[in-house]
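Single-structure report; data block below.
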Amino acid sequence: MKFLTLLFLISFSAHANYPEMFGASFTTSSIGNQANMDANDPSNNYYAPSVLGFSDNFNVLLDASSTAVHPKEINNVVVTNGTNSNGNPTSGKVNTNYVKFYGGAIHAAVPVGGTTHLGTLGLSAFLPIGDLVQTNSGNPFLPEYVMYRSRHTGTSVFVNFAKKLSDDFSFSLGALIGFQATAEVRTNMSLNGAAYGSWASGQAKVSPSLGAIASFTKMFGKDAVYFTYQQEMKSNLKTTVYGEITNPSLALLDSRLDTMIFYEPHTFRLGGTLIGPDIEFFGGVEYQMWSGYKTPIMTVAKTGGVVVPSSNYEKIQIRDTINPRLGVKINLTDRWSTMLGAQYRMTPLKGDFSGSGNSVDTNTIVGSAGLDYRIVVWSKDVHIGGSFQYHYLTKKTVVKTPLEEDGTAGQKIGAPGYDIGGYIIAGAFGVKFNF
């Protein structure tokens, strides 16, 4: 029964958001994860889709990336106590070996209306290479870097329509696509020696949900300013499990498994670019509203039968975040360009993590760099390049308070304490076609 439930959850879960954390493409991640304001770069569809309205060309960008998360090791802490085990409290090591992620991205900007140019349709899709979805809700008790376990490992889609209203102003409207998934599993188990065998049935439903995206771009000669709003998006998983052992009759299971495996906050982006003869400067800031966030930990709710529901002792503290970005692009020759960027990312989890609960996160400082090489194929521009990012997770010491999570005598899971931090390495390689 556990296997069937897990199968339904994995089959229909969705995550995000890779571009928000590691960049939409090699051309944008190398300047600090922000728009480069090139109307012929379709990966701007994620950051500032309205800028695509200034292009009459069909543009495609293909990107492949690799991300390795290296949190600090957590050793010699309490891993079982009276809240997650019937045995005596034990100490040990927490698994912080997060799986390396390989992802791909496809961006396209398609002119609509032929010679009349009614506008531009922008499409961006981010997905794991080799899989449709990768998911992991994490350990429900041991310390978890909830923003890095699997938030960036799934499939996400962004669609926008951009329209130029004048030579110096354009706007766009679009949507990000999420999913609401429900599943039901019924089992009837027979034990060894029974007269008839076990049976099971299951059903599932996945419903799409949309979050609005709105953007505008104002040009000042070659320079530009943009603003983008992206609506909050939640993707929930709810699975109802019914189970009986009727031959012989022993127990009835009737429970519901819930998790919010993906959350996208309300996001406001403001940025722009200043362009010189052989150099371009980029700057931007994001304001994110996280009030609706829940950690991806899976909980069990009793709806009948003999199942004991989850004891959820975690009370996370949420804050809105402000994330500034800076970048520069230097045109070394008419074919070679180099890019540098920096970003500061605030964690939406505040507090010292000393109380009950296992979700942890810390502020991050990001440095990035990249190269872009332009060639001409059949009189069309083709750009080939790559980017590299180093994320420094600032160190923070966690010291657990006395007593177990339920207030009884003992030590909390994670006691006496540990350090959080570490680093992340992300690289990308891509090619951009301008037709």
TODO: Could you tell me whether E20 and R345 have a side-chain N and a carboxylate O separated by less than 4.0 Å?
DONE: yes
- [ ] Using only heavy-atom distances, determine whether the side chains of S50 and S172 contain a donor-acceptor pair under 3.5 Å.
- [x] no
TODO: Report yes if the side chains of V399 and S354 come closer than 4.5 Å at any heavy-atom pair, otherwise no.
DONE: no
TODO: Please confirm whether the backbone N or O of V382 pairs with a side-chain atom of N434, one donor and one acceptor, at under 3.5 Å?
DONE: no
Task: Flag for N323-Y344: side-chain donor and acceptor within less than 3.5 Å - done: no
Open item on the list: Under 3.5 Å, is there a donor on one side chain and an acceptor on the other for Y47 and R325?
Closed with: no
Open item on the list: Could you tell me if Q411 and E404 have a donor-acceptor pair between their side chains, going purely by distance under 3.5 Å?
Closed with: no
Open item on the list: Regarding T401 and K412, do their side chains bring together a donor and an acceptor under 3.5 Å, going by distance alone?
Closed with: yes
Open item on the list: Applying side-chain hydrogen bond (donor to acceptor under 3.5 Å, both in side chains) as the test, list every pair that has at least one member in residues 414-423; sequence neighbours left out.
Closed with: T397-D419
Open item on the list: Centroid separation under 6.0 Å, is that true for the rings of F126 and H107?
Closed with: yes
- [ ] Among D41, T28, D372, find the residue that satisfies the side chain to side chain donor-acceptor pair (under 3.5 Å) test when tested with N36.
- [x] D41
TODO: Compare all side-chain heavy atoms of F282 with those of V328 and state whether any distance is below 4.5 angstrom.
DONE: no
Task: E280/K222 under salt bridge (Lys or Arg N to Asp or Glu O under 4.0 Å): CA gap, chis, key distance, verdict - done: CA-CA 10 Å; E280 301 174 38; K222 293 183 178 180; over 6 Å; no
